[in-house]
Protein chains: 2
Amino acid sequence: MGAPEYIKIVEAIKNKITSQELEPGDAIQSENLLCEEFNVSRMTVRKGLAVLVNEGYIYSIPGKGNYVCEPDLDQYILHYNEMAPGNERGDEVRLIEVNVVKPSYEVSFNLEIPETKHVIVVKRIFLKDGFPTAYDIKYIPYYRGIPIVEKEIRYATFPEMVAKKNSIFAMTKKLKIRAAIAEDETARNLEIPVGMPLLVVEEKLLDEKDKPIGWGMMYLAGEDAGLEAVASFD
Amino acid sequence: MGAPEYIKIVEAIKNKITSQELEPGDAIQSENLLCEEFNVSRMTVRKGLAVLVNEGYIYSIPGKGNYVCEPDLDQYILHYNEMAPGNERGDEVRLIEVNVVKPSYEVSFNLEIPETKHVIVVKRIFLKDGFPTAYDIKYIPYYRGIPIVEKEIRYATFPEMVAKKNSIFAMTKKLKIRAAIAEDETARNLEIPVGMPLLVVEEKLLDEKDKPIGWGMMYLAGEDAGLEAVASFD
DNA sequence: TAGTGGTCTAGACCACGCA
DNA sequence: GCGTGGTCTAGACCACTAT
């Protein structure tokens, strides 16, 4: 075979796990035994085991051995593209408001700033075939000299709006997803009747010290608007 | 410092990235240069770089070099615990139906089986403080000899219901999340008025050949019922 | 004390990208 | 042809677990 030795080791152990020959909690044979079995050096065995650790199949206990993981049933990968909300790639973004305002209690609470400080509010509507599919409101703490360029903001993701000061690599993004009913403001902007179901995605951006640097909501309309998430082992 | 050499290399490069000294697309110095800079062997440098690759900071192009990634803005980790829907750890699970039935068109379509084959349907209600918080319907293809033990099913997660035949490690789980309005069946089971907002989590289980082995819905009631997702680099 | 995993070395050969 | 990353070896020392 052309495959590297460590990949063969990965496949062999993976097979034992998916075929239930090895079950969660079971020990893998020791690294030295694997060296003999596959006729490779210990570094090669360890490289293979490292792959299995990264993929969540096994874990190591120093001085004891390697063991098959209890699979994590709760963890999924969610794909959420802010600029294509509800997986509907829209064809138009309408910037309906960019302003510097005093925050409401809710905004100051979520951004953890006093109500006397100002914030930038950005309101946008995403459209497809002329119909609104999503209504977006974001708040960013205001500081002197922050660039407010409407053309940039219109097509910017939330992290990009604040990325001038903070590296995206040093940011944490948190989402809360829930259901709601369209009320006056959301219904008007989404051009739907009051009482229709909405998917609400609340988004909070935190810097490396867990201080909020952005907070906002995305309201998704339409029965077909949804988010998708996947959990699997590869 | 007591930290291993390869961790020091990881931290040093991570700092350059989060401080924006290195930006997405930039090249890291070559592995041989890193060996000199940190006075370590090449294997140690490569171990550090492997960590950065796994964490999504850098990627390698054989024959060229290592480069800083464009951060993936769309990918989040979603925590969804089936047995604690909406992050509300309930105190009671009411099994309201376990049956072998012929599937509706929708069910046979999603399980990719003919409408003449039978399926097991499981309906449960999750309660907290005596009030329903979630209503759950799951469908599993029926085959002769499948154990239907009500006590087991009541507290089983969806993967556990089908895990007798298939290893959880060989399964893929897909979720679709959307908003809906409570209608007669859901409203009655959740004891809420028709017209209230619901968060709907559609779940499909696939085996290693991508054949469906389970399909169903979870309806979450209440304004505070929600899902949470996080994206960050560590 | 013997066995385990964790770190590290100083070499080696290969396939690939580039000038 | 030279530098790059990808794979691999045959050792070594350490901290830890078990008995």
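Chain naming here is simple, since letters A, B, ... match the order of the sequence lines and numbering starts at 1 in each.
Side-chain N or O atoms of B/Arg154 include one that pairs as donor or acceptor with a backbone N or O of B/Val93 at under 3.5 Å.
Of the side-chain N and O atoms in B/Lys64, one or more sit less than 4.0 angstrom from OP1 or OP2 of C/dC18. Taking 4.0 angstrom as the limit, A/Ser30 places a side-chain polar atom (N or O) nearer than this to OP1 or OP2 of C/dT4.
Comparing A/Met43 and A/Gly63, the nucleotide of DNA chain D nearest to each residue sits closer to the 5' end for A/Met43. Between B/Pro62 and A/Arg42, the one whose closest nucleotide on DNA chain C sits nearer the 5' end is A/Arg42.
The distance between atom CD1 of B/Ile61 and atom C1' of C/dC16, rounded to the nearest whole Å, is 11 Å. Between the OH atom of A/Tyr59 and the P atom of C/dT4 there is a distance of 17 Å, given to the nearest Å.
For B/Arg94 and B/Glu92, the salt-bridge test passes: some basic side-chain N is under 4.0 Å from an acidic carboxylate O. Here B/Lys174 does not pair with A/Glu228 in a salt bridge; the nearest charged N to carboxylate O distance is not below 4.0 Å. Ion pair B/Glu55/B/Lys14 flagged as a salt bridge, since at least one NZ, NE, NH1 or NH2 atom sits closer than 4.0 Å to an Asp/Glu carboxylate oxygen. Using a 4.0 Å cut-off between a side-chain N of Lys or Arg and a carboxylate O of Asp or Glu, A/Asp136 and A/Arg124 qualify as a salt bridge.
For DNA chain D, the contact window with chain B, defined by any atom under 4.0 Å from a protein heavy atom, covers D/dG3 to D/dT9 in 5' to 3' order.
The residue B/Leu49 sits apart from the nucleic acid: no heavy atom pair falls under 4.0 Å.
Here A/Ile153 contributes atom CD1 and A/Ile140 contributes atom CD1; the two are 6.5 Å apart, rounded to the nearest 0.5 Å.
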